Colleague: 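This structure is in structure tokens; I'll ask about it shortly.
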Amino acid sequence: MAPKVLMVAEKPSIALSIASALSGGQMSSRRGSTEVHEFDGTFLGFSAQYKVTSVIGHVFSVDFPAAYQNWTATDPLDLFDAPIVKSESNPKAHICRHLSQEARGCGHLVLWLDCDREGENICFEVMECTGFHAKDGKRVYRARFSSVTEKDILKAMNNLVEPNKNEALAVDARQEIDLKVGVSFTRFQTSYFNGKYGNLDSRVISYGPCQTPTLGFCVQRHLQIITFKPEKFWKLHPYILHRGYELKLEWNRNRLFDSDVTEMFRNLIKEDGILKVIAISEKQESKSRPAGLNTVNLLKVASSALGFGPQLAMQLAERLYTQGFISYPRTESTAYPSSFDFRGTLRALDNNPEWQEYVQKLLADGYVKPRSGNDAGDHPPITPMRSATQEMLGHDAWKLYQYVCQHFLGTLSPDSKYTRVKIEFAVAGELFHCIGHRVTVKGFTSIMPWLAVSEKSLPQFAEGEKIEISRIEVDEGNTQPPDYLTESELISLMEKNGIGTDASIPVHINNICERNYVQCIDPDLCLPDIRSFIEQQITLVAKGQADHSLVVEHVIKQFKRKFSYFVKQIENMDALFEAEFSPLSDSGRLLSKCGKCLRYMRYISTQPSRLYCGTCEEIYYIPQKGTIKLYKELTCPLDNFELLIFSMPGPEGKSFPLCPYCYNSPPFEGIETLFGAAKTGSTVEPGKGAGMPCFLCPHPTCQHSMISQGVCACPECNGTLELDPVSAPKWRLYCNMCNCLVFLPEGAHRISTTRDHCPECDSTIIEVDFNKKTTPLKDGGTLHVGCVLCDELLHSLVVMKHGKSFSRHRGRGRGRGRGRRGGRGRGSRKQEDPKMSFHGF
DNA sequence: GCAAGGTC
């Protein structure tokens, strides 16, 4: 009995094409999980019984075992070291059982899977199902083909090779890495944010090494747009009437960013009023015909010119391919193999009325060899394989097919050539010009008319000729931010960065469309390199240069470390989410202008309370548990942020100014104590709600700093007593370290610090402007200047309030070593002087 | 409820 040969394709339509080609249409077909086509023929010189069937893409996909499927019971971190299992992608289809049954009694297996890495991996899935890998006497062959045409199929049949294990292993590696990284991050961040915000769709907040960088491209452009600062500009355009033409001239300066200067030029030109032709030049230019068409370029044209999204475009292309109208539509190459049969392909299009004339002209006059292009080593560029009409294909598929044909004919056509004429003019020392185009050779633009150079004819000019200006126009405009990424630009970026494959790019774009951006904790996770890194690692496996398990282990270890860091930093992401998703709830009021973008920031009252600058996408924490308001409209001299006044709760709660930026990023080194920091904590990093208010700021001249507002040493601790600037009329000093309070003369109009110091105790001299009616001054005057400790009048009016500890520690304050380094600013040089205390208290 | 890669 003749030996039986089982052949397996990647999808049913290809199995049908292969069987038809090899049997000359003389086969019998029966249904199964997928159709099986049977016929007799010869195999390797012997007569054989053929069975051709197919899988439906991958037979298996990887997942975690059942024990890891519970989201709450499994720590996502454990997923990195979890085992993975392969199970059937589509259990209901019973593909594995089908293959196993069909393989029974077959001595040869021919693998007709698509010729890419994934196809190679599916080869091994098929071998596993059929039990072909290990059995003696059973032979496995790989058919390599790049279009489903009879010619290519027969050629592949006569050049059978072996499947490539390393390429398959590279795909195994990718599957494991993508699964572990994607699922762990997705589960963690989804669980963390689940139900946290009313208007955040938190059912799934996914992360993936392809989808996230894709989203990142869009977000990056979004940020460029919202931070764009438009600038006004002006352009001068003189007009002339010349030999029946009205011409608008372009300024050699193009545009100016100063309206006065533009006006000055306009006046100069108007006064003169006569243009002189100073140069006439002609240049031959050419526009190149396209290189061969690859998938990405097809998707771009489909999106920008045909209005088909990538998803639809690929479906249409896929159908055209399986029906034999075009070659394999997934290719990176734009270069044709040297053996490519251009003449044959042209002849195949010859009978099509759509471009019959054009094709016949190319065949008769001789076609141009296509541009060299890029040979990615995969499949030839996408080309038409046979003629079709709109009736055969339907509207959309026809449009795409039509483009493939036009592009192909374009690649074999001459470049387009045109003459560029430039006339240059001078007036009042300024230069202007106009440009005309005269097409001399249409070339490929006859078949791709949308790429044609537009004709613009100019009247005759003579050098030295003088022409009167009919009017001058001043065009005013604004510089424009870049546009949002077009789908076509996004595809280019993905292609350039190796994100997704030609088949999966459309899927990723679809996936991110409805998801919200997350500001990354670890930018690496959103950057395009993440995919190239994985690709580069698994390519080592594909080429047999590295061991599969070692590569997987190495990559997983790196991602596991990133994951741990991500978990630690998740609160930063939360802060941004809160700002984004509940800005209008209870307390999203605008407060304080950002010093960087000069736009109002938003105050988020829920703890930890903070400011959020929507433009800069920055969070600024503020002190917790108190009230916050704008401090007049004062700004920080260091960073231009608007200052705030924070008031601690209760009648004795101190109030103090702070700069949102300095509070979070203290501008001076050596700030050991931060306001709001845990007393025991050894950290000096500003954290949520802890930071440097103005009362800790050592700025030497800012009127709000510790240096300016500090009055004297605190009797209770190492801190400095500073003037509470908003405590009128109950003026007071408060300690910048403890809760010590000192009440100053009540009812004063104004109390402020001066730049002078008490010669006796080095305290800051204060200036008091008493109320006219209640002034204690004997002469009835209101202004008094003195030291709060040494001036008898002031001293008598001062009341210290510090609860129990004041009486308990009474008298002990004197002579204590206070005044930590710089604690009183200017007083530090005498910090051990016993007079620098509240003697007499 | 998760990834990305096939194909339906």
Side-chain angles (χ1 to χ4, degrees), chain A residues 8-15 33-35 54-64 68-76 78-80 82 84 86 88-93 95 112-126 167-168 170-195 201-215 311 314-315 317-319 321-322 328-330 494 498-512 515 525 530-531 534-535 538 555-556 559 563:
Chain A
V8 182
E10 192 153 321
K11 43 183 173 276
S13 57
I14 297 206
S33 294
T34 55
E35 270 200 324
S54 75
V55 293
I56 312 165
H58 272 289
V59 183
F60 300 107
S61 56
V62 291
D63 206 343
F64 295 108
Y68 293 84
Q69 292 297 343
N70 186 313
W71 284 46
T72 42
T74 305
D75 181 344
D78 293 339
L79 294 174
F80 288 98
I84 54 167
K86 281 200 173 200
E88 276 201 73
S89 305
N90 184 356
K92 283 182 196 157
I95 296 295
W112 287 90
L113 288 305
D114 288 357
C115 294
D116 51 26
R117 227 179 244 176
E118 298 294 330
E120 220 57 38
N121 185 271
I122 304 176
C123 286
F124 286 84
E125 296 184 338
V126 171
E167 292 213 332
V171 171
D172 283 343
R174 180 196 55 70
Q175 289 177 340
E176 181 167 355
I177 294 163
D178 287 345
L179 177 74
K180 290 186 168 177
V181 174
V183 174
S184 57
F185 278 90
T186 299
R187 279 195 195 174
F188 169 68
Q189 64 185 21
T190 301
S191 308
Y192 187 89
F193 290 109
N194 204 314
D201 180 354
S202 59
R203 284 172 301 179
V204 169
I205 301 171
S206 63
Y207 174 81
C210 284
Q211 55 174 270
T212 305
T214 303
L215 183 55
Q311 195 108 29
M314 278 319 286
Q315 278 169 15
E318 194 71 41
R319 219 179 74 209
Y321 162 64
T322 52
Y328 190 60
R330 287 180 207 144
M494 293 176 74
I499 289 170
T501 65
D502 21 24
S504 71
I505 279 176
V507 181
H508 296 310
I509 294 180
N510 233 31
N511 276 347
I512 63 164
R515 293 178 185 172
L525 293 171
I530 190 170
R531 195 68 197 163
I534 296 174
E535 285 297 323
I538 67 166
V555 176
I556 290 292
F559 276 107
F563 180 80

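Per chain, numbering begins at 1; letters A, B, ... match sequence-line order. In this text the structure is predicted, and so the values were computed from the model without any measurement.
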Colleague: Please report the closest heavy-atom contact between A/Asp116 and A/Gly119, naming both atoms and the distance.
Modeller: OD1-N, 2.8 Å
Colleague: So for A/Gln315 and B/dC8, does any side-chain atom that can act as donor or acceptor lie under 3.5 Å from a complementary atom in the base?
Modeller: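 Checked by distance alone, the answer is no.
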Colleague: With a non-hydrogen cut-off below 4.0 angstrom, is A/Pro76 in contact with a base, only sugar-phosphate, or nothing?
Modeller: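 Since no nucleic acid heavy atom lies under 4.0 Å of A/Pro76, the category is nothing.
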Colleague: Compare the aromatic ring of A/Trp71 with the six-membered base ring of B/dG1 and state whether they stack according to the 5.5 Å and 30° rule.
Modeller: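 According to the criterion (under 5.5 Å, under 30°), yes, A/Trp71 stacks.
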Colleague: Starting at CD1 of A/Ile534 and ending at C1' of B/dA4, how long is that distance when rounded to a whole Å?
Modeller: 10 Å
Colleague: Rounding to a whole Å, what distance do you find between A/Gln175:CD and B/dG6:C1'?
Modeller: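 Those two atoms, CD and C1', are 9 Å apart.
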Colleague: Which part of the nucleic acid, if any, lies within contact of A/Gly500, taking any heavy atom under 4.0 Å across all strands shown: a base, the sugar-phosphate backbone alone, or nothing?
Modeller: sugar-phosphate
Colleague: Round to the nearest Å and state the distance from A/Ile95 atom CD1 to B/dG6 atom P.
Modeller: 18 Å
Colleague: Using whole Å, report how far CG of A/Asp63 lies from P of B/dG5.
Modeller: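 Rounded to whole Å, this separation is 17 Å.
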Colleague: Ignoring backbone atoms, establish whether A/Arg330 has a side-chain N or O less than 4.0 Å from OP1 or OP2 of B/dG5.
Modeller: no
Colleague: Starting at CG of A/Asp114 and ending at P of B/dC8, how long is that distance when rounded to a whole Å?
Modeller: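 The answer, rounded to whole Å, is 10 Å.
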Colleague: I want to check one thing: is the phosphate of B/dA4, taken as OP1 and OP2, less than 4.0 Å away from some side-chain N or O of A/Gln211?
Modeller: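 Result: yes.
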Colleague: Would you classify A/Val59 as touching base, sugar-phosphate or nothing, given that sugar-phosphate means primed atoms plus P, OP1 and OP2, and contacts are heavy atoms under 4.0 Å?
Modeller: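 Touches nothing.
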Colleague: With DNA chain B as reference, determine whether A/Thr190 or A/Arg174 sits nearer its 5' end, using the nearest nucleotide of each.
Modeller: A/Thr190
Colleague: Of all the heavy-atom pairs spanning A/Asp78 and A/Tyr68, show the shortest one and how long it is.
Modeller: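 That would be O-CE2, 4.3 Å.
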Colleague: List the steps, then state whether salt bridge (charged side-chain N to carboxylate O under 4.0 Å, His left out) holds for A/Lys11 with A/Glu318.
Modeller: CA-CA 11 Å; A/Lys11 43 183 173 276; A/Glu318 194 71 41; 3.0 Å; yes
Colleague: Side chain of A/Ser504 only, please: which of B/dG5, B/dC2, B/dT7 is the nearest?
Modeller: B/dG5
Colleague: Determine: side-chain N/O of A/His508 to OP1/OP2 of B/dG5, distance under 4.0 Å, yes or no.
Modeller: yes
Colleague: So which nucleotide from B/dA4, B/dG6, B/dA3 ends up closest to the side chain of A/Val183?
Modeller: B/dA3
Colleague: As an exercise, state the distance from CD of A/Glu88 to CD of A/Glu125, rounded to the nearest 0.5 Å.
Modeller: 10.0 Å
Colleague: Between P on B/dG5 and CG on A/Asp172, what's the gap in Å once rounded to a whole number?
Modeller: 15 Å
Colleague: For A/Ile530 and B/dA3, what is the distance between atoms CD1 and C1' respectively, to the nearest whole Å?
Modeller: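 After rounding, the gap between these two atoms is 11 Å.
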Colleague: For B/dG5, does either OP1 or OP2 sit under 4.0 Å from a side-chain N or O belonging to A/Arg531?
Modeller: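 True: A/Arg531 side-chain N/O within range (under 4.0 Å) of B/dG5 OP1/OP2.
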Colleague: Which part of the nucleic acid, if any, lies within reach of A/Ile122 when heavy atoms closer than 4.0 Å are counted: base, sugar-phosphate only, or nothing?
Modeller: nothing
Colleague: If you compare all heavy atoms of A/Thr34 against all heavy atoms of A/Pro12, which two are closest, and at what distance to 0.1 Å?
Modeller: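 Smallest heavy-atom distance, with atoms named: CG2-CG, 4.4 Å.
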Colleague: Relative to the 5' end of DNA chain B, which residue comes earlier, A/Thr501 or A/Phe64, by the nucleotide with the nearest heavy atom?
Modeller: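 Mapping each residue to its closest nucleotide by heavy atoms, the 5'-most match is A/Phe64.
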Colleague: Base, sugar-phosphate or nothing for A/Asn90? Non-hydrogen atoms, less than 4.0 Å.
Modeller: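 Here A/Asn90 touches no strand at all.
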Colleague: Can you see which heavy atom on A/Ile56 is nearest to which on A/Ile95, and at what distance?
Modeller: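 Closest approach of A/Ile56 to A/Ile95: CD1-CD1, 3.9 Å.
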Colleague: Tell me what A/Gln69 touches on the nucleic acid: a base, only sugar-phosphate, or nothing, going by heavy atoms under 4.0 Å.
Modeller: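 It contacts base atoms.
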Colleague: B/dT7 phosphate, OP1 or OP2: any side-chain N/O from A/Ser89 under 4.0 angstrom?
Modeller: no
Colleague: Given atom CD of A/Glu167 and atom C1' of B/dG5, what is their separation to the nearest angstrom?
Modeller: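 A/Glu167 atom CD is separated from B/dG5 atom C1' by 15 Å.
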